[in-house]
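Data block below; observations after.
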Amino acid sequence: MSYQIQKNPFIVPTTDGKYIAEHFGAATNQQANLSLAHMIAPPGWSEPFQTPAFDEYTLVIRGKKQFIIEDEIIVLEAGQSIKIEKNVRVQYSNPFEEECEYISVCTPAFSMDLVNREG
């Protein structure tokens, strides 16, 4: 078949209130070259700093998302996108009062073995 429709994404279990639905990637269909996920970060959410061994593209759909890339703080709003190169130190967060809904694409696919979170 020349296409695949994803009707049942893998819902990643989390302990921080973040919703992650991986439509394609290592957890969903063992695809290692790319992952595509729909995410919703609650107000006040954050992750530790990390230095991923993958490029990550983010498209904000609703709300705002904060990035600390190296020492620079960047805030994206709905309709904006960013590409963060692999092996760059970054922290993702939503320090704002509303949810942030976004799409994330990682190349190669996201994996805990490649994310290199600190602490």
Side-chain angles (χ1 to χ4, degrees):
M1 187 180 291
S2 62
Y3 64 90
Q4 180 181 1
I5 297 173
Q6 178 55 272
K7 295 181 182 179
N8 297 300
F10 177 72
I11 307 302
V12 178
T14 65
T15 59
D16 59 3
K18 184 177 175 188
Y19 171 81
I20 305 171
E22 184 185 89
H23 285 256
F24 295 96
T28 305
N29 62 350
Q30 293 70 53
Q31 180 174 328
N33 63 325
L34 176 140
S35 59
L36 169 67
H38 173 225
M39 301 190 195
I40 301 174
W45 166 85
S46 70
E47 289 182 337
F49 276 92
Q50 54 197 6
T51 308
F54 48 77
D55 292 339
E56 184 162 1
Y57 301 79
T58 301
L59 169 62
V60 177
I61 297 169
R62 177 174 51 91
K64 295 187 279 189
K65 185 176 180 187
Q66 179 175 286
F67 304 77
I68 301 176
I69 303 170
E70 303 295 344
D71 293 320
E72 183 178 358
I73 296 174
I74 297 168
V75 175
L76 290 188
E77 298 182 9
Q80 296 180 322
S81 60
I82 190 170
K83 175 189 178 189
I84 301 173
E85 303 277 337
K86 65 182 175 181
N87 302 318
V88 171
R89 187 172 185 258
V90 60
Q91 183 198 37
Y92 302 105
S93 66
N94 177 13
F96 309 105
E97 294 181 8
E98 66 178 288
E99 289 183 333
C100 178
E101 181 176 9
Y102 61 100
I103 301 295
S104 175
V105 175
C106 299
T107 59
F110 177 92
S111 105
M112 289 304 290
D113 294 337
L114 298 177
V115 73
N116 301 315
R117 288 196 176 134
E118 297 176 13

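Being a predicted model, the structure only gives us computed values, none of them experimental. Count residues from 1 along the sequence.
- A distance-only check finds no donor-acceptor pair linking the side chain of Q30 to the backbone of A32 [under 3.5 Å].
- The OH atom of Y92 lies 3.5 Å from the CD atom of E56; values are rounded to the nearest 0.5 Å.
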Point to revise | Verdict with supporting geometry, Q66 and F96, side-chain contact (heavy atoms from CB on, under 4.5 Å) | key: CA-CA 9 Å; Q66 179 175 286; F96 309 105; 4.2 Å; yes

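- A53 approaches N116 most closely through the heavy-atom pair N-ND2, 4.1 Å.
- Put simply, I82 and I68 are part of two different groups of oily side chains (I, L, V, M, F, W, Y) that touch within less than 4.5 Å, one to the next.
- Side-chain atoms of C100 and R62, non-hydrogen and from C-beta on, never get closer than 4.5 Å to each other.
- Distance check, rounded to the nearest 0.5 Å: CD1 of I84 to SG of C106 gives 10.0 Å.
- Residue N94 comes nearest to E98 through the heavy atom pair ND2-O, 2.9 Å, listed as atom of the first residue, atom of the second, then distance.
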Exercise for review: Under the side-chain contact (heavy atoms from CB on, under 4.5 Å) rule, what do V115 and F54 come out as? Steps first, then yes or no, please.
Suggested key: CA-CA 8 Å; V115 73; F54 48 77; 4.2 Å; yes

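- Taking both residues in full, the closest heavy atoms of S46 and S93 are given as CB-CB, 3.5 Å, listed atom of the first, atom of the second, then distance.
- Pairing each heavy atom of L114 with each of A109, the nearest pair is CD1-O, 3.8 Å.
- Looking only at distances, no side-chain donor or acceptor of E72 sits under 3.5 Å from a matching main-chain atom of I69.
- Within a 6.0 Å radius of CD in E97, no more than 12 heavy atoms belonging to other residues, nucleotides or ligands are found.
- The two residues P9 and Q6 make their nearest non-hydrogen contact at N-OE1, 3.5 Å.
- Y57 contributes atom OH, which lies 15.5 Å from atom CD1 of I103 (distance to the nearest 0.5 angstrom).
- In terms of heavy-atom proximity, Q31 sits nearest to N33 at CG-OD1, 3.0 Å.
- Within the 4.5 Å cutoff, side-chain heavy atoms of Q4 are placed close to those of F24.
- Cluster membership check: V12 shares its hydrophobic cluster with M39, using side-chain heavy-atom separations under 4.5 Å among Ile, Leu, Val, Met, Phe, Trp and Tyr.
- In this structure, the separation between OH on Y102 and NE2 on H38 is 10.0 Å, given to the nearest 0.5 Å.
- In the hydrophobic cluster analysis, where Ile, Leu, Val, Met, Phe, Trp and Tyr join through side-chain heavy atoms closer than 4.5 angstrom, V75 is grouped apart from W45.
- If you take CD on E101 and CG on L59, they are separated by 10.0 Å, rounding to the nearest 0.5 Å.
- Atom-to-atom distance recorded for M112:CE and Q50:CD is 8.5 Å, nearest 0.5 angstrom.
- Counting only heavy atoms from C-beta outward, the side chains of T28 and H23 never approach each other to under 4.5 Å.
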Practice item. Apply the test side-chain contact (heavy atoms from CB on, under 4.5 Å) to residues T14 and Y19: give CA-CA distance (whole Å), side-chain angles for both, the deciding distance (0.1 Å), then the verdict. Key: CA-CA 7 Å; T14 65; Y19 171 81; over 6 Å; no

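- The number of heavy atoms from other shown groups lying within 6.0 Å of NZ (K86) does not exceed 12.
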Review point. Under the side-chain contact (heavy atoms from CB on, under 4.5 Å) criterion, do E118 and Q91 qualify, and how do the steps go?
Key: CA-CA 10 Å; E118 297 176 13; Q91 183 198 37; over 6 Å; no

Review point. Hey, mind stepping through E85 and N87 against side-chain hydrogen bond (donor to acceptor under 3.5 Å, both in side chains) and telling me if it holds?
Key: CA-CA 7 Å; E85 303 277 337; N87 302 318; over 6 Å; no

